[in-house]
Amino acid sequence: MTDRTVVCWDGSTAAEAALAWALRRARDESSTIELFDVVDVGEFLGDDGALDRATEQEEDRLDSRVEELAASHPGVVSGAELLVGDPLDLLTAQTRADTLVVVGTRHRVGPRVRYGWSLGSRLATAAAGPVAVIPVEEAEAAAARRGVVVGVDGSAVGRLALEFAAREAEDLRQPLTVVHCWVAPLSEQPLVVPDDEFVTSQESERQDLLDDHVRTVGAAHPGLVVHGVLLRQNPISGLRVQSEHASMLVVGSRRLTGWKRTWLGSVSHGLVLDLAAPTVVVGQDTQVYATPQEATLGA
């Protein structure tokens, strides 16, 4: 698990969903959380008086929520702070390799592309550590979720995601599902029919890769229930289906930026655009190893 958990809170329905998820995780892991509320200065340009009034009102609202949490979840909230400025910049500054930042996202209606620049997706791209993006859903459905699902692809950041997911599953005392999705080369070309023997060899290689991940994480975490799932399917759709009822989906991201991110996209970005479950995006700088020996998963 990470050393620190920060929840982005502003009183909205999405923020309350993020808070509820973080509280359940803190309960199960016997950890604490910090709340950060941000007054967006961009909404008050040219009106300093309105900004001051909004800041005072938000400070009162944050204080009130912290008091409620102290009564309902004693000792869980270790700190709270109100910040004024650009939300993305201020929250990105709170991210560290050992810090999980939790942000909610509202219910989505209409074309998914409009959410490509939501705070959650932008923060997941810019953060120095892991970011959890939490969808709004009914409390009963959220509480019924179980199991941690992680997508792996053989990359170094995929192995970091695997170790992060294993630690979370262990702390939550839930099973871990390791998913590897693959598509046969040239299979989407209408004029190309892949040779059966070639496809079979590709599938065998993919199964070997998955089995290696499952063996490695099982050896590092002997008390953890782990099983692997190999899917000949697009990673975004495959991981969405596998994580539909999971308490957490973990994916790695190389965190491309700028136009490269905009035009090429990524599996993690696609999953954040259309959440099936609370999704944690793990970057290459995420710190998950307690000892040098445990770093073998990231080799």
Is [Y] close to [X] at the side-chain level, that is, under 4.5 Å between some pair of heavy atoms?
X: V251; Y: V281; answer: yes
X: L271; Y: V267; answer: yes
X: L90; Y: F36; answer: no
X: V103; Y: L91; answer: no
X: H213; Y: V217; answer: no
X: L231; Y: Q242; answer: yes

Mind checking whether [X] and [Y] sit in one hydrophobic cluster, side chains of I, L, V, M, F, W, Y counted as touching below 4.5 Å?
X: V179; Y: V157; answer: no
X: L23; Y: V148; answer: yes
X: V229; Y: L209; answer: no
X: L62; Y: V41; answer: yes

Where is the tightest heavy-atom contact between [X] and [Y], given as atom of each residue plus distance?
X: V183; Y: N234; value: CG2-N, 4.0 Å
X: A26; Y: V76; value: CB-CG1, 4.0 Å
X: L123; Y: C8; value: CD2-SG, 4.3 Å
X: L100; Y: R25; value: CD2-CZ, 3.5 Å
X: G42; Y: L45; value: O-CG, 3.6 Å
X: A97; Y: P130; value: O-CD, 3.9 Å

Does R4 come within less than 4.0 Å of E34, counting only side-chain N to carboxylate O?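 Yes, this pair counts.
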Are R159 and E163 within salt-bridge range, i.e. N to O under 4.0 Å?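 Answer for the salt bridge query: no.
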Mind checking the [atom1]-[atom2] spacing from [X] to [Y]? Nearest 0.5 Å is all I need.
X: W21; Y: I33; atom1: CH2; atom2: CD1; value: 11.0 Å
X: L19; Y: H73; atom1: CG; atom2: NE2; value: 8.0 Å
X: L88; Y: L119; atom1: CG; atom2: CG; value: 6.5 Å
X: L230; Y: E203; atom1: CG; atom2: CD; value: 6.0 Å
X: R24; Y: R145; atom1: CZ; atom2: CZ; value: 9.0 Å
X: M248; Y: E168; atom1: CE; atom2: CD; value: 4.0 Å

Let me see the working for V178 and L210 under side-chain contact (heavy atoms from CB on, under 4.5 Å), right down to the final yes or no. CA-CA 8 Å; V178 184; L210 175 62; 3.8 Å; yes
Output, in order, the C-alpha distance, side-chain angles, deciding distance and verdict of side-chain contact (heavy atoms from CB on, under 4.5 Å) for L35 and L69. CA-CA 11 Å; L35 265 60; L69 292 171; 4.0 Å; yes
For the side chain of [X] and the backbone of [Y], is there at least one donor-acceptor N/O pair under 3.5 Å apart?
X: T99; Y: T95; result: no
X: S243; Y: A246; result: no
X: S247; Y: G147; result: yes

Heavy-atom count around H227 NE2 within 6.0 Å, excluding the residue itself: above 12?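 More than 12 within 6.0 Å, yes.
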For residues 56-65, which residue pairs qualify under salt bridge (charged side-chain N to carboxylate O under 4.0 Å, His left out), counting only residues two or more places apart or in two chains?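 Qualifying pairs, neighbours excluded: E16-R65, E58-R61, R65-E68.
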